[in-house]
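The structure under discussion appears below in the form of structure tokens.
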2 protein chains.
Amino acid sequence: MNRPPARTLPLSPTFSPLYRQIKELILASLESGEWGPGDAIPSESDLAQRFGVSQGTVRKAIDEMAADNLLVRRQGKGTFVATHNDPHSFFRFLRLAANEGVLPTSRSVPLECTRARAGTDVARILGMAVGTPIVILRRVLYFADKPVVFDEVYLPAELFPDFSLDFLNANDESLYSLFESRYGVRMIRADERLRAVSADRVSAAALDVAEGSPLLLVERVAFTYGDKPVEWRRGFYSTANHHYHNELS
Amino acid sequence: MNRPPARTLPLSPTFSPLYRQIKELILASLESGEWGPGDAIPSESDLAQRFGVSQGTVRKAIDEMAADNLLVRRQGKGTFVATHNDPHSFFRFLRLAANEGVLPTSRSVPLECTRARAGTDVARILGMAVGTPIVILRRVLYFADKPVVFDEVYLPAELFPDFSLDFLNANDESLYSLFESRYGVRMIRADERLRAVSADRVSAAALDVAEGSPLLLVERVAFTYGDKPVEWRRGFYSTANHHYHNELS
DNA sequence: CAGTGGTCTAGACCACCTC
DNA sequence: AGGTGGTCTAGACCACTGA
């Protein structure tokens with residue numbers, strides 16, 4: 001008697017629960033830009049009505065997306081699309097901390113921005129053909145006027161067509177914040193590989209350390225919706241007074 | 001009419017939802033050893049009856065504890081206390097991967113196990129008084145017969161009274177698995193700080209690299225129930241053919 | 001088959017925010 | 001006061017496991 005009207009039957013093979021299908025629908029709306037970063041999405045009851053499911057099912061879908069850092073819930077106000085333009089999320093992709101005390105304010109200093117074509121490595125990592133146009137950005141992050149991180153960033157030129165140093169100098173927002181507001185490319189996940197290396201001439205000069213000093217090399221592949229890789233980054237961290245912080249659980 | 005019998009009222013200040021109180025109760029049972037690692041805990045309906053709440057409330061408590069890696073749900077079978085004695089959880093606290101291919105099987109070779117008294121650093125980190133007895137273990141992890149990680153492990157002697165190399169040689173289980181089965185100390189969380197350093201004489205010898213080579217230093221503080229620190233570890237990783245892997249989301 | 005966790009619903013009420 | 005998310009309940013049914 002309690003059975004609601006018939007719905008697409010799951011039935012064993014390739015079974016996907018309703019709330020996951022709802023999640024995919026909301027994800028599609030995010031990807032299509034129906035709701036942009038920072039926007040409020042419709043209330044749970046609105047979405048429940050739109051999708052023809054109960055509020056609890058929408059709730060479970062949103063719960064997972066909030067756990068994935070795609071949405072942010074704020075009690076009494078609504079549910080919002082996560083954004084990188086938010087001081088809190090600055091350290092989500094920068095696991096840097098000072099050995100003692102709190103990390104002082106940072107300053108990003110772009111060094112150069114060049115155009116090139118993907119070699120075999122970049123092409124493989126970003127899932128593109130060898131020779132595809134790319135943009136290369138080099139910059140240094142300063143903390144308390146000391147250089148700490150030297151970054152080399154590789155981007156597909158197609159997604160970031162008019163990228164240049166000008167935008168960086170004019171903006172003190174984070175790189176991912178710029179990507180999301182100017183190019184509509186939202187980074188949602190990243191894989192990092194960490195190694196210890198000896199500083200070569202370029203990174204030693206950028207970080208003001210002796211050539212051959214040990215540096216922490218952080219290689220990152222960042223992904224946007226649909227697990228599409230859209231950034232490759234090599235960051236050289238000077239770890240004399242700072243460290244990379246990670247919590248295991 | 002739908003109101004269940006009266007319950008301890010939350011009422012604004014220091015409000016904690018019911019499912020969180022249930023979580024604390026289950027946590028207490030874990031801590032007290034009522035259910036040991038690997039054991040099945042009572043079914044959701046049993047717990048609901050025991051605590052006088054609905055099954056959905058118990059469910060939400062268990063959901064959070066499963067997300068915290070304290071419990072493991074297995075559909076159709078039950079809910080189990082998480083254990084380190086499990087090949088799957090071996091890499092939960094060892095974020096090591098091979099640069100190419102899969103990581104071959106590992107072999108842990110203990111070098112020495114000594115007794116000492118806590119200096120200021122260890123005392124501060126482990127929350128004990130200076131001079132408290134500690135145990136120091138040094139060992140090397142080999143992959144495909146190549147040394148990759150040189151570990152120095154500092155433990156409070158009180159919790160690991162008869163710790164010695166013998167137990168290690170006789171056991172090919174992981175260190176945390178041994179801690180949990182032999183000493184009843186379960187590691188549930190850890191903080192790691194990563195830096196690049198130059199190999200000193202000791203670590204260079206242990207890892208068969210040249211003195212001064214860049215090594216990845218991973219300093220870890222591991223915590224048991226109640227966020228009590230019970231291990232400090234300095235791991236020197238040789239990252240020529242391996243790397244520390246981290247996923248950001 | 002019975003027992004477990006997993007999904008879905010419907011409805012009530014609470015906590016929080018804004019107007 | 002009215003909206004939002006957050007909690008809690010009760011009950012039905014589904015999917016998985018193992019005897």
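Chain letters run A, B, ... following the sequence lines, proteins first, then strands; residues in each count from 1. In this text the structure is predicted, and so the values were computed from the model without any measurement.
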Take atom [atom1] of [X] and atom [atom2] of [N], then tell me their distance rounded to the nearest Å.
| X | N | atom1 | atom2 | value |
| --- | --- | --- | --- | --- |
| A:I41 | D:dT4 | CD1 | C1' | 12 Å |
| B:E64 | D:dC8 | CD | C1' | 15 Å |
| B:Q21 | D:dC8 | CD | P | 8 Å |
| B:Q55 | C:dG5 | CD | C1' | 8 Å |
| A:R59 | C:dC14 | CZ | C1' | 12 Å |
| A:D46 | D:dG3 | CG | P | 11 Å |
| B:L47 | C:dT4 | CG | C1' | 12 Å |
| B:F80 | D:dT17 | CZ | C1' | 10 Å |

Should we say atom [atom1] of [X] is surrounded by more than 12 heavy atoms from elsewhere, each under 6.0 Å from it?
| X | atom1 | value |
| --- | --- | --- |
| B:E158 | CD | no |
| A:E31 | CD | yes |
| B:Q49 | CD | no |

### Message
With a 4.0 Å limit, can you tell me whether B:S43 has a side-chain N or O closer than that to the phosphate oxygens OP1/OP2 of C:dT4?
### Response
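For B:S43, the contact criterion (side-chain N or O under 4.0 Å from OP1 or OP2 of C:dT4) is met.
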
### Task
Using only side-chain N and O atoms of A:K60, determine if any of them is under 4.0 Å from OP1 or OP2 of C:dC8.
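A:K60 to C:dC8 OP1/OP2: no side-chain N or O under 4.0 Å.
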
### Task
Check A:L94 against A:R220 and note the closest heavy-atom contact, atom names and distance.
N-NH2, 4.4 Å

### Message
Using the side chain to side chain contact (heavy atoms under 4.5 Å, CB included) criterion, which residues pair with A:E247? Sequence neighbours excluded.
### Response
A:H245, B:R189, B:D191

### Message
So, using side chain to side chain contact (heavy atoms under 4.5 Å, CB included) as the criterion, who are the partners of B:I188 when residues are at least two apart?
### Response
B:L70, B:R186, B:Y225

### Task
Please tell me which of the listed nucleotides, C:dT9, D:dG6, C:dG5, lies nearest to the side chain of B:E44?
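For B:E44, the side-chain atoms sit closest to C:dG5.
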
### Query
Taking the side chain of B:S54 as its heavy atoms from C-beta onward, which of C:dG5, D:dC8, C:dT9 lies nearest to it?
D:dC8

#### Entry: side-chain hydrogen bond (donor to acceptor under 3.5 Å, both in side chains) partners of A:S177, counting only residues at least two apart
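For A:S177, the residues satisfying side-chain hydrogen bond (donor to acceptor under 3.5 Å, both in side chains) (neighbours in sequence not counted) are A:E173.
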
### Non-neighbouring partners of A:T83 that pass side-chain hydrogen bond (donor to acceptor under 3.5 Å, both in side chains), sequence neighbours left out
A:E180

### Task
Could you check which residues of residues 25-38 of chain B get a heavy atom under 4.0 Å from DNA chain D? Sort them by number, please.
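Nucleic-acid contacts, sorted: none.
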
### Query
Using a heavy-atom distance cut-off of less than 4.0 Å, which residues of residues 70-79 of chain A contact DNA chain C?
A:Q75, A:G76, A:K77

### Task
Answer with yes or no after comparing the ring centroid distance for A:H243 and A:Y237 against a 6.0 Å cut-off, counting only values under it.
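Centroid distance A:H243-A:Y237: not below 6.0 Å, so no.
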
